[in-house]
Protein chains: 2
Amino acid sequence: MSNETQTSTAGLGEAAVGADDELIRSGRDATATRRALVRAARRRFATDGYRATTVRQIASDVGVNVALINRYFVSKEGLFEACMLRTSDELETQAPSKSIKEVIERLIEHIVNAPDRDDPLQLLLLLRSSGDENADLIRRRTLEHFTRRLAAAAGWSPDDPDSEAILLRAQLAIATSLGVVMLRTSAAVQPVASASGDELTEPLRQVLRVLLAPA
Amino acid sequence: MSNETQTSTAGLGEAAVGADDELIRSGRDATATRRALVRAARRRFATDGYRATTVRQIASDVGVNVALINRYFVSKEGLFEACMLRTSDELETQAPSKSIKEVIERLIEHIVNAPDRDDPLQLLLLLRSSGDENADLIRRRTLEHFTRRLAAAAGWSPDDPDSEAILLRAQLAIATSLGVVMLRTSAAVQPVASASGDELTEPLRQVLRVLLAPA
DNA sequence: TCATCAAGTCAGCACGTGCTTACATCGAGG
DNA sequence: CCTCGATGTAAGCACGTGCTGACTTGATGA
């Protein structure tokens, strides 16, 4: 009936990593509903955009009352910020990259699978000026952070002015990735939307290598 | 004072190609205000998204009353459709392409300059599900039409099943283009947003050639 | 001069949105 | 058993939105 069978030792309502499911949230567990709200929100924001997403939708997805969003996240914008933070964390805590080619392969996998599973990349393609000043700032910061990470893997160094070109190329790689994810998810544009992963992998590999790993 | 000094021979309010300016629309010229509304609308839709742009904004940009939008285009969706049709026309009536490399160079120019001038590409990046069912359909059709045009220049033929891969690669090229335009315009993400055209041209050329003109 | 009709304006309705306040319900400790 | 705080709910306010109908303005022709 309830999922707090494992003793939630963390008395203060914080992280308290527990079960990852939120479908059977039948109880009064604040942290569980918080996480469920963030999950549902991220999915909505990614597919419908910031403005188009309504807090009532999100609450309905989770199955709780709308007022909880304001209770836990103060505002819609606060919820969005929580989504961004979670996404940023997920991208951060991935296994450290080895070679640039390996990074490319992993990026390809993200692009191909983003529509299916609950991929952090999805939220990044929330590029459009969302109408909200603060939300835009958060989004831009996350994106630029991600750029630097990818560029570093490709040989960019913050101190070396000669490597600025690498930074630019890394961002072009991100632009490409986001463009493909977008065409596959939001807009159901054929044939890319229904293309299999195998069909996409080779062209994407060529493009990303041209940008990031010029042999 | 007025711009209908040239005798508008077309009695019925249709096309009547006249001056292309709409800033000094001081008179009672229906077709001029229609065009002005479409222009302003397209810019707003492209930068703010469909849902986020309000008809009051558009009307205010042009300097007319909101009700005119409903008079001329029935609804906000009707205005959007008019924008899409105009964009489709502009893309259609471009000079016929010669070699694929030439097409690539022209596409690069579009990408680089899209943020500045009133480029038709801008509206295409209205990919996100706009919340409006019909608007989505129109957008998707335009995009797929554009894909086929580009693919044809790269050697794709509707009858040849072996050339389907070309269609997919063409769409990946479009995805890349849209991704870059988006990062440069909507999201002001550095460094791509402030990069000069010269810096962008070479990497873009490499990517597009890999996708469309594999030597 | 003045009737006529298209071009444009104005006030307002109906509805969806984010958010708030007051209330209900569950679980635990005295 | 009963109180009390935390979790969740219900009703509603204020506002922005798309759209509508009645009205005004200006050019044109008899």
Side-chain angles (χ1 to χ4, degrees), chain A residues 1-5 7-8 10-14 16 22 25-37 41 44-45 48-60 62-81 130-135, chain B residues 1-5 7-14 16 22 25-37 41 44-45 48-81 130-135:
Chain A
M1 178 189 284
S2 63
N3 50 0
E4 64 269 46
T5 50
T7 57
S8 66
L12 232 168
E14 198 36 49
E22 83 271 8
R25 17 155 284 90
S26 65
R28 304 175 138 254
D29 184 341
T31 69
T33 53
R34 281 175 88 114
R35 261 195 317 222
L37 281 172
R44 282 288 183 187
F45 283 144
D48 299 343
Y50 179 80
R51 187 94 166 220
T53 305
T54 73
V55 290
R56 284 180 168 85
Q57 271 182 338
I58 298 171
S60 173
V62 176
V64 299
N65 193 278
V66 204
L68 283 192
I69 288 180
N70 300 104
R71 176 192 281 281
Y72 289 142
F73 304 97
V74 181
S75 65
K76 179 186 183 183
E77 182 183 313
L79 177 56
F80 178 72
E81 184 161 354
S130 45
D132 193 299
E133 200 64 36
N134 214 334
Chain B
M1 176 189 286
S2 61
N3 49 0
E4 64 269 48
T5 49
T7 58
S8 66
T9 49
L12 233 166
E14 198 35 48
E22 83 271 11
R25 17 155 284 91
S26 65
R28 303 173 139 253
D29 185 339
T31 69
T33 52
R34 280 175 90 113
R35 261 194 316 222
L37 281 173
R44 282 286 184 188
F45 283 142
D48 299 344
Y50 180 80
R51 187 97 165 217
T53 51
T54 72
V55 290
R56 284 181 168 85
Q57 271 182 337
I58 298 171
S60 173
D61 287 347
V62 177
V64 298
N65 193 276
V66 203
L68 282 192
I69 288 179
N70 299 105
R71 175 193 283 279
Y72 289 143
F73 303 97
V74 180
S75 65
K76 180 186 183 182
E77 183 184 311
L79 177 56
F80 178 71
E81 183 161 355
S130 47
D132 194 299
E133 199 64 36
N134 214 335

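If you're wondering where the values come from, they're calculated on a predicted model, not measured in any experiment. So you know, we letter chains A, B, ... as the sequences are listed, proteins then strands, and number each from 1.
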Inset, instruction - From the options D:dT20, C:dG8, C:dT21, select the nucleotide whose nearest atom is closest to the side chain of B:Ala67. - result: D:dT20
Legend entry - OG1 on B:Thr53 to CZ on B:Phe45, rounded to 0.5 Å: 4.0 Å
Legend entry - Separation of B:Gln57 CD from B:Arg44 CZ (nearest 0.5 Å): 4.0 Å
Tabulated below should be each protein N or O lying under 3.5 Å from an N or O of nucleotides 14-18 of chain C; please produce it.
| residue | atom | partner | partner atom | Å |
| --- | --- | --- | --- | --- |
| C:dG18 | OP1 | A:Thr53 | O | 3.2 |
| C:dG18 | OP1 | A:Lys76 | NZ | 3.1 |
| C:dG18 | OP2 | A:Val55 | N | 3.0 |
| C:dG18 | N7 | A:Arg56 | NH1 | 2.9 |
| C:dG18 | O6 | A:Arg56 | NH2 | 3.2 |

Inset, instruction - Report yes if at least one side-chain N or O of A:Tyr72 is closer than 4.0 Å to OP1 or OP2 of D:dT7; otherwise report no. - result: no
Inset, instruction - Step by step, work out the side chain to side chain contact (heavy atoms under 4.5 Å, CB included) result for A:Thr33 and A:Val62. - result: CA-CA 8 Å; A:Thr33 53; A:Val62 176; 5.5 Å; no
Return a table of donor-acceptor pairs under 3.5 angstrom between the side chains of residues 65-74 of chain B and protein atoms on other chains or two or more places apart.
| residue | atom | partner | partner atom | Å |
| --- | --- | --- | --- | --- |
| B:Asn65 | OD1 | B:Ala67 | N | 3.0 |
| B:Asn70 | ND2 | B:Val74 | O | 3.2 |

Legend entry - Euclidean distance, atom CG of residue B:Asp29 to atom C1' of C:dG8 [Å, nearest integer]: 13 Å
Inset, instruction - Using a 4.0 Å heavy-atom cut-off across all strands, classify B:Phe73 as base, sugar-phosphate, or nothing. - result: nothing
Inset, instruction - Would you mind reading off the distance between A:Leu68 atom CG and C:dT21 atom P, rounded to a whole angstrom? - result: 16 Å
Inset, instruction - Measure from NZ or CZ of B:Lys76 to the centre of the six-membered ring of B:Tyr50 and say whether it is under 6.0 Å with the direction within 45° of the ring axis. - result: yes
Inset, instruction - Mind calculating the distance between CZ (A:Arg71) and P (C:dA22) to the nearest angstrom? - result: 14 Å
Legend entry - A:Asn65 CG - C:dT20 C1' separation (whole Å): 12 Å
